[in-house]
Amino acid sequence: MSLWEYANPKRFMGWTAPVLPVVFGLAGVCLVVGLVWGFFFTPDDYRQGSTVKIIYLHVPAALMAINAWIMMLVASLIWIVRRHHVSALAAKAAASVGLTMTLIALFTGAIWGQPMWGTYWAWDPRLTSFLILFLFYLGYIALWEAIEDPDTAADLTSVLCMVGSIFAILSRYAVLFWNQGLHQGASLSLDPEENVADVFWLPLVVCIAGFALLFIALVLLRTRTEIRARRIRALEARVRRA
C-alpha cells in the first residue's frame, strides 16, 4: 500500500481515530512534565531573573507557529501537484492552530520583552516579520472563508501560502539576515556559546516536544472535522438536487 492511500479520506478517518488519543496523551504528559520542571525546578537567570521561564512557552510556540506554516506550504504544494483533497484540508486545519501559536508567541514575547527592553514592542526584524506572518495567517483563514467553492479556495490559499512562506523563513532567520535588533539569538543552537544552559535546555526540549505533539493532535482532529464538514455539505447538495 502506498503512502497516498493512507491519506485517502476514508482511510485517514480510520487510522487517525485510534492514534488521536495516544498523541493527545503524550502531548499532555510532555507539557505537564516540561512546564512543571521548567517553572518550578529551574533556577532564576542571573540577569533575567524569573522572567527567563517564559522561554518554556515562548520558544515552543514560536517554533510551532513557523513550522505550522511550513507544514501548510508542503500540504499546499501537494494539493497543487496531486489535487489531493486531504492535503488541502490539512493545510486549512493547521492554519487556525498556527494562528493560535503565533498569538501565544507574540503575547509571551511582549511580556518577556518589557522587563528586558523596557518596552512591550520594538520594530525589531524578527518581531516585525513575525507580526507579518500573523497577518498572513489571518488572511489565509479569511480567504478560505470568503470563497464558496472549496477547490478554488484551496488553489488561492495555496498561492497565498507560498508567498507567506517568505515571512515564515524571515521569522526564523531574521537575526542572521540583519545584525541590528533587540531580539536575542536562537535559544537552541549547535554553538555552545549561544545555546541556553543545560539546566534550562532539558525542560525546554520536553516543552517543545509537548507543543509539537499537541500541534499534530490538533491538526489531525481539525482535519477529521473538515472531512466530516465536507461530507455533510455534499449530502446537503445531493438532497437539494433530489
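Keep in mind that this is a model prediction, so the values were computed, not measured.
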A.B. asks: In Å and rounded to the nearest 0.5 Å, what is the CG to CG distance from L26 to L31?
C.D. replies: 11.0 Å
A.B. asks: Hey, quick one: are V29 and F215 part of the same hydrophobic cluster, counting side-chain heavy atoms closer than 4.5 Å, chains of contacts allowed?
C.D. replies: yes
A.B. asks: F24 versus L213: any side-chain heavy-atom pair under 4.5 Å?
C.D. replies: no
A.B. asks: Could you tell me the separation between the OG atom of S87 and the NZ atom of K92, rounded to the nearest 0.5 Å?
C.D. replies: 13.5 Å
A.B. asks: In terms of hydrophobic clusters joined by side-chain contacts under 4.5 Å, are L143 and M162 together?
C.D. replies: no
A.B. asks: Which pair of heavy atoms, one from S158 and one from A154, lies closest together, and at what distance?
C.D. replies: OG-O, 2.6 Å
A.B. asks: Rounded to the nearest 0.5 Å, what separation is found between the CG atom of L57 and the CZ atom of F107?
C.D. replies: 10.5 Å
A.B. asks: State the CG-CD1 distance between L204 and I55, to the nearest 0.5 angstrom.
C.D. replies: 5.0 Å
A.B. asks: Looking only at non-hydrogen atoms, find the nearest pair between A95 and I141 and report the distance.
C.D. replies: CB-CG1, 3.8 Å
A.B. asks: Do Y140 and L99 have side chains that get closer than 4.5 Å, going by heavy atoms?
C.D. replies: no
A.B. asks: For residues V59 and W37: do they belong to one hydrophobic cluster (side chain heavy atoms under 4.5 Å, members Ile, Leu, Val, Met, Phe, Trp, Tyr)?
C.D. replies: yes
A.B. asks: Do I227 and H85 have side chains that get closer than 4.5 Å, going by heavy atoms?
C.D. replies: no
A.B. asks: Give the cluster check for I232 versus W144: same hydrophobic cluster or not, with ILVMFWY residues linked at side-chain heavy-atom distances below 4.5 Å.
C.D. replies: no
A.B. asks: Between atom CG of L131 and atom OG1 of T102, what is the distance when rounded to the nearest 0.5 Å?
C.D. replies: 10.0 Å
A.B. asks: If you compare all heavy atoms of A68 against all heavy atoms of G98, which two are closest, and at what distance to 0.1 Å?
C.D. replies: CB-CA, 3.8 Å
A.B. asks: Does F12 have its ring centroid less than 6.0 Å away from the ring centroid of W15?
C.D. replies: yes
A.B. asks: Specify the closest pair of heavy atoms between F130 and A65, including all atoms of both residues, with the distance to one decimal.
C.D. replies: CZ-CB, 3.7 Å
A.B. asks: Does one hydrophobic cluster hold both V206 and I104, with members joined at side-chain heavy-atom distances below 4.5 Å?
C.D. replies: no
A.B. asks: Heavy atoms, side chains only, cut-off 4.5 Å: are T42 and Y56 in contact?
C.D. replies: yes
A.B. asks: In a table with atom names and distances, give each donor-acceptor pair under 3.5 Å that connects a side chain of residues 70-81 to protein atoms at least two apart or in another chain.
C.D. replies:
| from | atom 1 | to | atom 2 | distance (Å) |
| --- | --- | --- | --- | --- |
| S76 | OG | M72 | O | 2.7 |
| W79 | NE1 | D155 | OD1 | 2.9 |

A.B. asks: For the residue pair L20 and A217, what are the closest heavy atoms and their distance?
C.D. replies: CD2-O, 3.3 Å
A.B. asks: Going through the checks in order, is the side chain to side chain contact (heavy atoms under 4.5 Å, CB included) test met by F211 and L63?
C.D. replies: CA-CA 9 Å; F211 269 77; L63 284 175; over 6 Å; no
A.B. asks: When rounded to the nearest 0.5 angstrom, what distance separates CG in L218 from CE in M64?
C.D. replies: 12.0 Å
A.B. asks: Identify the two heavy atoms, one from V219 and one from A93, that lie closest to each other, and give their separation to 0.1 Å.
C.D. replies: O-CB, 3.9 Å
